[in-house]
Amino acid sequence: MIAFRNVGKTFETGYTALRDVDFDVEPERFVALVGPSGCGKSTTLALISGLDRASSGIVEVRGKPVDGITGGIGFLFQRDALMPWKTVRDNVLLPLQLRGVSRPAALRRAAEWIARVGLRGFETAFPHQLSGGMRKRVSLAQTLVYDPEILLMDEPFSALDVQTRNLMEGELLDLWQGSRKTVIFVTHDLEEAIALADEVIVMTSGPARVKARYGVPLPRPRDIEKVRFEPRFTELYSKMWNDLRDEVLESYARATTAG
């Protein structure tokens, strides 16, 4: 579904975010990217979506090089992109309206997804009237309502408190298991990556390369809270952290020296 072939990205400022990045993502896989802050994880998502272009190498989606905005992709950012003057219903309707879906069909699909994310009864509420977790549910509905084949998620739950975050992770897994979309999930939280993903890709400190790839052989469906206490989870965490720790320390040392 997604392929990176010796991909590099250098910005006009001269900063190189990615260097010789190679990986493949199979259809319907949930893949997490972890790495030190500023190592190029978000840049990777931008290249997949077509919001930015690689400086070298090839990025492919569905076997074709990315050349412009990639169709069939949903992008969920760390901060929601809800329109504050629109209600929950109108925010969820917006992507369908932009795609020319008829009003009756759009209303049916919006109502379905508002219910699926647990917001039935809040259709006429405005974003400022919602909690952080509820706003994130609206963003999920807004992203999934037009049925994107690929879902890119850039630390979508990092601003939430621990309890709400666990609830949202569980809801995301339930929604994903029902749709089996291809997901690329960026996170700093290694526990979150293991709990959610089929595979975890560990990135080096910048310029980012792929340091290691780990399959996550934990059975599905998963209970987000219970899975963290399984012996296999602890074993996977220890192995991945050994790879990630050195990169985090190197990134911190660079930042300290630069400061």
Side-chain angles (χ1 to χ4, degrees), residues 1-4 21-37 39 41-42 44-45 48 73-76 78 116-118 133 136-137 139-140 143-144 148-204 208-248:
M1 182 65 75
I2 299 167
F4 274 54
V21 173
D22 281 280
F23 66 83
D24 297 295
V25 177
E26 296 299 322
E28 300 185 1
R29 295 277 284 177
F30 196 125
V31 177
L33 297 182
V34 298
S37 179
C39 77
K41 301 184 296 297
S42 297
T44 300
L45 298 188
I48 295 169
I73 283 186
F75 208 138
L76 197 63
Q78 183 174 350
R116 289 181 71 176
V117 299
K136 197 57 73 173
R137 288 188 179 96
S139 294
L140 266 175
T143 303
L144 294 172
E149 190 176 16
I150 298 169
L151 187 58
L152 307 179
M153 309 186 76
D154 193 357
E155 298 189 72
F157 307 140
S158 61
L160 302 176
D161 62 79
V162 174
Q163 292 81 7
T164 305
R165 184 172 181 169
N166 285 343
L167 287 172
M168 289 303 305
E169 290 168 352
E171 289 179 9
L172 172 62
L173 276 190
D174 289 342
L175 292 171
W176 173 76
Q177 285 164 179
S179 65
R180 303 297 294 187
K181 298 183 183 304
T182 304
V183 178
I184 308 293
F185 188 99
V186 164
T187 178
H188 285 100
D189 187 335
L190 189 52
E191 283 194 13
E192 181 177 57
I194 299 170
L196 293 175
D198 295 312
E199 180 180 4
V200 177
I201 298 177
V202 179
M203 310 280 288
T204 67
R209 292 171 288 104
V210 174
K211 182 173 185 178
R213 299 178 64 170
Y214 288 93
V216 182
L218 298 173
R220 296 191 186 276
R222 294 179 191 166
D223 185 314
I224 284 295
E225 295 183 1
K226 293 180 180 179
V227 73
R228 288 174 163 90
F229 297 100
E230 294 185 12
R232 184 61 175 146
F233 185 99
T234 305
E235 181 183 341
L236 287 166
Y237 183 93
S238 179
K239 288 181 178 179
M240 293 183 202
W241 176 240
N242 285 337
D243 275 325
L244 183 58
R245 177 182 54 215
D246 292 341
E247 303 306 323
V248 171

Look up atom [atom1] in [X] and atom [atom2] in [Y], then write down how far apart they are to the nearest 0.5 Å.
X    : Y    : atom1 : atom2 : value
I194 : E230 : CD1   : CD    : 12.0 Å
S158 : H188 : OG    : NE2   : 8.5 Å
L160 : M168 : CG    : CE    : 7.0 Å
M240 : L190 : CE    : CG    : 6.5 Å
I150 : I73  : CD1   : CD1   : 4.5 Å
I201 : R213 : CD1   : CZ    : 4.5 Å

For the residue pair [X] and [Y], what are the closest heavy atoms and their distance?
X    : Y    : answer
R29  : V25  : CB-CG1, 4.4 Å
V34  : A193 : CG1-CB, 3.7 Å
V248 : P36  : N-CG, 3.8 Å
L236 : P217 : CD1-CD, 4.0 Å
P156 : L76  : CB-CD2, 3.8 Å
R137 : V117 : CD-O, 2.7 Å

Check the pair Q78, V186 against side chain to side chain contact (heavy atoms under 4.5 Å, CB included), reporting the backbone distance first and the verdict last. CA-CA 10 Å; Q78 183 174 350; V186 164; over 6 Å; no

Walk me through it: do R228 and E169 pass the test salt bridge (charged side-chain N to carboxylate O under 4.0 Å, His left out)? CA-CA 13 Å; R228 288 174 163 90; E169 290 168 352; 3.3 Å; yes

Ignoring hydrogens and geometry, is there a side-chain-to-backbone donor-acceptor pair from [X] to [Y] under 3.5 Å?
X    : Y    : result
S238 : T234 : no
R222 : A197 : yes
T182 : E28  : yes
D198 : F30  : yes
K211 : D243 : yes

Given side chains that start at C-beta, do those of [X] and [Y] come closer than 4.5 Å, heavy atoms only?
X    : Y    : result
E199 : E26  : no
M153 : L140 : yes
F4   : T44  : yes
L144 : K181 : yes

Take atom CD in E225; do more than 12 heavy atoms of anything else shown fall under 6.0 Å from it?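 Atom CD in E225 is not packed in, count stays at 12 or less.
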
Reference residue F185; test side-chain contact (heavy atoms from CB on, under 4.5 Å); the match among V200, L196, L151: L196

Quick check on side-chain contact (heavy atoms from CB on, under 4.5 Å): which of V183, D24, I184 does V31 satisfy it with?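 Among the candidates, only I184 passes.
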
